[in-house]
Number of protein chains: 2
Amino acid sequence: MPRPSLANDKRRELIPVIARAFADLWYRRTTTAELAKRCKVQENILYRLWPDKKAMFIATISYVYELAERTWAGLLDRDGSGSSAERVLDYESRHLGEFGHSRIIFAGLSETDDPEVRRALARMYQRYQRFVVEQVASHRDGRSHGKEADRALTAWALIGLGTVASIALEMKLLGSRDRRRLMKEMGRLLLDGRVS
Amino acid sequence: MPRPSLANDKRRELIPVIARAFADLWYRRTTTAELAKRCKVQENILYRLWPDKKAMFIATISYVYELAERTWAGLLDRDGSGSSAERVLDYESRHLGEFGHSRIIFAGLSETDDPEVRRALARMYQRYQRFVVEQVASHRDGRSHGKEADRALTAWALIGLGTVASIALEMKLLGSRDRRRLMKEMGRLLLDGRVS
DNA sequence: AGGATCAGTAAGTGAACACTCACATTATCC
DNA sequence: GGATAATGTGAGTGTTCACTTACTGATCCT
């Protein structure tokens, strides 16, 4: 019998390093040589763990999303002031882009011609939107409302808010103070959304 | 004396073709060979008009934004129902992404390491935001309001709305009906934004 | 007409980079 | 201990692609 494969452990060990590289260098400038260097292994070892660069990237997409979801779950468990939606919003307004989450997504967006990348991104967005819908629902629950804005649409709008905040951050168009106000004030407006 | 250069005319003539290519193929897959083919010229002619591929891309960023602004200006001149902001919003809800505007911007986003590309994109976003601020202001003008939401933030949120709608379109996550509702309903909510 | 530069053609060139091959070494289980 | 397959090393390789060079022909000005 041969020695048992540790490939899964190795993948788990390397993916954060790979994610960091994609976040730092986007897709094009993240060469496989650079990945190998950062992982402190030879290139062909990466190719034993994933079939190609694209697969490494797709693995990264799942990784960063799950990382974010775990973080949010942590916030929801803990007690705190405001609805859980408000807590997530507040958290995001302060930590937005800390890990490079959005950089990876933007990098992915310009690879959407590739059907696999597109599928991976679409799946991620779907989960993301569903998560936000739940937050919107639980936030509005119990509050009296006339006619509330559609929850699915509200969720998309909130995601858009985070997206534009990331872009403005990336472009240095908003200082951290304004970025935070953007998330909080506009987020509140959308969360409480009442249609006339 | 030599013959006068027609380079400027040529640039103006080719840039829409180049923009189309970047919108179709993003940045990476838009090879200079492909650009030459679509423009029906040899590669080195492109290099006589622009110093490098990056410059061609930067030129398309300005081009697509100015195209959009001209379109909106046309809407504002014409009479129609609703405030001018509502008309722009309505127009965008129906024509979003028609030209590939957002694809070019997303392509640019993943080239933001390059200082020139970043500057070009940042300039574009600034003009865009200022334009939207004006629309918000003129929309709210004359309407009675308690405390209105900050106009600059509202403008950013509206831009985010358009962005997420483009992404959802790109990913085929929203049908055209929902996309339109997203823009109209959430757009209205933000435009009318009242903070408590 | 003639000089000067612009416009166009065709064939490269050099570098970057995703991906691979051949081979040595190590660990695991019988 | 030895069979087996994992892990590691290092040097390719073939292709793609941004960008260039060398040249011919067209057009404008004095």
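Chain letters run A, B, ... following the sequence lines, proteins first and then strands; every chain starts at 1.
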*asked:* At less than 4.0 Å, is any side-chain N or O atom of B/Thr31 found next to OP1 or OP2 of D/dC17? Yes or no.
replied: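 Looking at the OP1 and OP2 atoms of D/dC17, neither is under 4.0 Å from any side-chain N or O of B/Thr31.
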May I have the distance from [X] (atom [atom1]) to [N] (atom [atom2]), rounded to whole angstrom?
X       : N      : atom1 : atom2 : value
A/Asp52 : C/dC17 : CG    : C1'   : 14 Å
B/Lys53 : D/dT16 : NZ    : C1'   : 11 Å
B/Glu34 : D/dT16 : CD    : C1'   : 14 Å
A/Trp50 : C/dA18 : CH2   : C1'   : 16 Å
B/Tyr47 : C/dT13 : OH    : P     : 17 Å
B/Lys10 : D/dT27 : NZ    : P     : 13 Å
A/Leu25 : C/dC17 : CG    : C1'   : 14 Å
A/Arg11 : D/dT7  : CZ    : P     : 10 Å

*For the atom pair CE (A/Met186) and CG (B/Leu189), what is the distance rounded to the nearest 0.5 Å?*
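Going from CE on A/Met186 over to CG on B/Leu189, the span is 10.0 Å.
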*DNA chain C: B/Glu43 or B/Lys40, which has the more 5' nearest nucleotide?*
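Upstream on the strand: B/Lys40.
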*On DNA chain C, check which nucleotide each of B/Gln42 and A/Ala33 is closest to and give me the residue with the more 5' one.*
B/Gln42
*Looking at A/Arg118 and A/Glu111, does any basic side-chain N land under 4.0 Å from a carboxylate oxygen?*
no
*Is the shortest distance from a Lys or Arg side-chain nitrogen in A/Asp178 or A/Arg181 to a carboxylate oxygen in the other one below 4.0 Å?*
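Yes, A/Asp178 and A/Arg181 are salt-bridged.
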_So if I take every side-chain heavy atom of A/Ile45 and compare against D/dT9, C/dC19, D/dC19, which nucleotide ends up nearest?_
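Nearest nucleotide to the side chain: D/dT9.
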*Quick one: which of C/dG8, D/dC19, D/dT7 gets closest to the side chain of A/Arg48?*
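Selected nucleotide: D/dT7.
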*Should A/Leu35 and A/Leu49 be counted in the same cluster of Ile, Leu, Val, Met, Phe, Trp and Tyr side chains packed under 4.5 Å apart?*
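Both belong to a single hydrophobic cluster.
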*May I ask you to check whether B/Trp72 and B/Gln135 show a side-chain donor-acceptor distance below 3.5 Å?*
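B/Gln135 and B/Trp72 do not have a side-chain donor-acceptor pair below 3.5 Å.
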_Should the side chain of A/Asn44 and the base of D/dG8 be counted as holding a donor-acceptor pair, with the cut-off at 3.5 Å?_
no
